[in-house]
Amino acid sequence: CAGLGDTNEVITQGVSALAEWTVSEQVMLKSISAYRDGVTRSKGIDFDGTPAPILDVAVPEEVYADHQFSQEIQLLYQGARVQGVLGAYYLNSSASGAFDTILAAAGLTQGTSGHVDTRSYALFADVSLDIIDRMSLSVGGRWTRDEKLGTVFKANYLTLGSPISGVPSVPVQTLTDYTAEKSFEEFTPRVSLSYKLANDVNVYAAYSKGFKSGGFDMRGDALATPATMNGYEPETVTSYEIGLKGLFFDRRLQIAGALFRASYKGQQVTTQQVNPLGTGVVSFIDNVGSSTIKGFEIEANARLNDEISFNLALGYTHAKFDEYLAYIPNASPPPLFVQIDVADQRQFQNTPSWNGSFSSVYNRGLGSLGDITLIGTVSFRSDINLFEISIPAIDQPGYALVDLDLVWTAPNDHWRIGAHAKNVTNERYRTGGYNFPGLAFGDSIIGFYAPPRAVFVSLEYRL
């Protein structure tokens with residue numbers, strides 16, 4: 001069994017306010033305000049999974065904490081042929097964390113702490129125009145500016161613990177110690193065109209650009225990778241999609257399908273690996289390069305009669321890195337790591353080529369006794385890698401899950417009683433893991449499994 005125990009607590013709380021003012025029949029002014037904070041209390045993480053502290057992460061009373069305030073103003077217009085929204089957004093947030101990585105066999109602790117403060121500003125607009133009776137054009141855009149302040153400290157201590165976890169000690173080697181500021185600015189447009197082939201059949205084409213802000217790695221090791229003090233840059237994606245949505249056969253068959261393609265630039269990937277000197281774990285958040293994702297999705301619902309219906313969902317994804325600049329141990333340090341392109345040796349994590357589900361629904365009215373509904377679902381995923389590199393010991397082969405639900409609904413729709421069986425076939429499959437091979441004092445390659453078969457009942461009352 002693991003040595004740190006399993007005491008964990010996550011508290012997230014917040015409040016929000018929505019105010020609307022109807023200026024006229026066509027114009028509305030809307031305000032959305034929100035505040036949220038969160039804290040995580042934990043014994044830590046036992047990466048080796050054994051009673052001995054071979055690779056343990058110990059934490060203080062409040063290891064992770066965050067809070068944020070946001071304010072959004074929207075001006076909405078609803079006309080006969082034109083609809084649109086114009087708005088502004090503001091965010092003020094802070095996130096922090098601190099922990100000790102303890103290597104007991106080496107008598108060494110690596111203490112890490114940091115926080116990042118963010119201020120974000122945005123202006124956005126989106127307008128839809130009915131060009132003709134069957135054709136509509138939608139055009140939108142968003143300007144975003146993010147300002148970030150990061151502070152990171154990391155050091156080695158020759159004690160089993162550091163001041164972070166309440167152990168008085170003095171660092172013998174400072175790895176990271178900096179405070180830096182960065183700002184990021186981007187305009188992201190969106191355009192879509194839709195056309196009605198018939199009253200219940202619509203085809204569309206869409207183009208959009210997305211933006212994910214850069215920042216600072218609060219676990220960065222500046223001795224191993226000095227560039228961490230410069231922070232990492234934004235990630236952008238350009239996506240294209242064409243699709244069809246429609247109702248057929250007197251609305252008994254509903255189909256929605258889409259083809260998509262997305263190109264990522266400056267893609268952000270987090271990598272954690274053991275320091276080549278065997279003294280702790282090195283974390284990188286870097287812009288590894290570029291990638292292309294393409295595929296299709298289709299969903300269908302067929303209603304045979306008032307009692308029986310079927311649902312089908314199927315998706316295919318081909319995801320490939322075009323460039324992947326990875327840090328690998330340097331043969332002649334310093335620095336301890338150098339970057340090379342290893343795109344042909346990397347795969348997307350947790351991205352199955354195929355996924356889908358099929359369900360059948362039987363609903364029977366019982367008159368004055370209410371209704372009863374029986375649902376059977378089979379879902380599947382093809383092979384996945386838990387990390388960007390192949391790890392046969394923990395990578396998950398394809399699998400299928402079977403779920404059953406039986407629900408009785410009272411005539412007044414207030415009461416519902418259900419019997420549920422999840423993962424009926426008791427499938428064993430992994431959803432996550434740790435990969436720290438080559439540690440000087442023991443490897444840590446661990447897989448974590450999803451819940452086994454579960455049978456339970458539910459009781460629901462609706463006002």
When you measure from the side chain of D100 to the backbone of I102, do you find a donor-acceptor pair of N or O atoms at a distance under 3.5 Å?
no
More than 12 heavy atoms of other residues, nucleotides or ligands under 6.0 Å from CD of Q268: yes or no?
yes
K320 side chain reached by T292 side chain, heavy atoms, under 4.5 Å:
no
Can you measure from CD (Q71) to OG (S33) and round to the nearest 0.5 angstrom?
3.0 Å
On the 0 to 90° scale, with breaks at 30° and 60°, tag the Y429-Y399 ring pair as parallel, tilted or perpendicular.
parallel
How many angstroms lie between atom CG of D221 and atom OG1 of T112, to the nearest 0.5 angstrom?
8.0 Å
Where the side chain of N92 meets the backbone of F69, is there a donor-acceptor pair that is under 3.5 Å apart?
no
Would you confirm whether the ring centroid of Y90 sits within less than 6.0 angstrom of the ring centroid of Y121?
yes
Has Q396 got a side-chain atom pairing as donor or acceptor with R430's backbone, closer than 3.5 angstrom?
yes
Pairs flagged by ring-ring contact (aromatic ring centres under 6.0 Å, His included) wherever residues 176-231 is involved - sequence neighbours left out:
Y207-Y240
Show, in sequence, the C-alpha distance, side-chain angles and deciding distance for D133 and R81, and conclude whether the salt bridge (charged side-chain N to carboxylate O under 4.0 Å, His left out) test is met.
CA-CA 9 Å; D133 289 342; R81 303 185 70 90; 3.8 Å; yes
Considering non-hydrogen atoms only, spot the tightest contact between A125 and L86 and give its length.
CB-CD1, 3.9 Å
Which heavy atom of D383 sits nearest a heavy atom of G398, and at what distance?
OD1-N, 2.6 Å
Steps toward side chain to side chain donor-acceptor pair (under 3.5 Å) verdict (S162, T109):
CA-CA 7 Å; S162 81; T109 294; over 6 Å; no
pair I391-I445: side-chain heavy atoms closer than 4.5 Å
yes
Looking at T351 and Q349, would you say the former's side chain and the latter's main chain have a donor-acceptor pair under 3.5 Å?
yes
Please examine the side chains of Y157 and P163, heavy atoms only from C-beta on, and report whether any two atoms are closer than 4.5 Å.
yes
Is the shortest side-chain N to carboxylate O distance from K265 to D322 below 4.0 Å?
no
Drop me the distance from T377's OG1 to D405's CG, to the nearest 0.5 angstrom.
6.5 Å
Closest approach of L386 to T431 (non-hydrogen atoms, all atoms of both residues)
CD2-C, 4.2 Å
Sub-3.5 Å donor-acceptor pair from the side chain of N287 to the main-chain atoms of G266, do we have one?
yes
When you compare the side chain of T12 with that of R36, does any pair of heavy atoms fall below 4.5 Å?
yes
Electrostatic pair E72:K30 at N-O distance under 4.0 angstrom
no
Are D126 and R190 ion-paired here, with the side-chain N under 4.0 Å from a carboxylate O?
yes
Under 3.5 Å, is there a donor-acceptor pair between the side chain of S382 and the main chain of W354?
yes
Between T228 and G220 the two heavy atoms that sit nearest each other are OG1-CA, 3.6 Å
According to the salt bridge (charged side-chain N to carboxylate O under 4.0 Å, His left out) rule, which pairs have a member within residues 244-262, sequence neighbours left out?
D200-R251
Euclidean distance, L193 CG relative to M135 CE, rounded to 0.5 Å
5.0 Å
For the residue pair Y324 and F321, categorise the inter-ring angle as parallel (less than 30°), tilted (30 to 60°) or perpendicular (more than 60°).
perpendicular
Contact between V85 and L75 at the side-chain level, heavy atoms closer than 4.5 Å - yes or no?
no
Do any N or O atoms from the side chain of Q339 and from the backbone of L325 form a donor-acceptor pair under 3.5 angstrom?
yes
Using every non-hydrogen atom in the two residues, find where I384 and D395 come nearest and quote the distance to one decimal.
O-CB, 3.7 Å
If only atom types and distance count, is the side chain of D341 paired as donor or acceptor with the main-chain N or O of A343 below 3.5 Å?
yes
Looking at R346 and A326, what are the two nearest heavy atoms and their distance?
NH2-CB, 3.8 Å
Compute both the distance and the angle, then confirm whether R303 meets the cation-pi test with F310: under 6.0 Å from the six-membered ring centre, within 45 degrees of the axis.
no
Could you tell me whether R145 and E186 make a salt bridge, using a distance below 4.0 angstrom between a side-chain N and a carboxylate O?
no
Taking the side chain from T176 and the backbone from F153, do they hold a donor-acceptor pair closer than 3.5 Å?
no
Pairs touching residues 242-262 that satisfy ring-ring contact (aromatic ring centres under 6.0 Å, His included), sequence neighbours left out:
none
Are any side-chain N or O atoms of D217 and backbone N or O atoms of I285, one a donor and one an acceptor, separated by less than 3.5 Å?
yes
Looking at K154 and D177, does any basic side-chain N land under 4.0 Å from a carboxylate oxygen?
no
Using a cut-off of 6.0 Å, state whether more than 12 heavy atoms not belonging to E9 lie near its atom CD.
yes
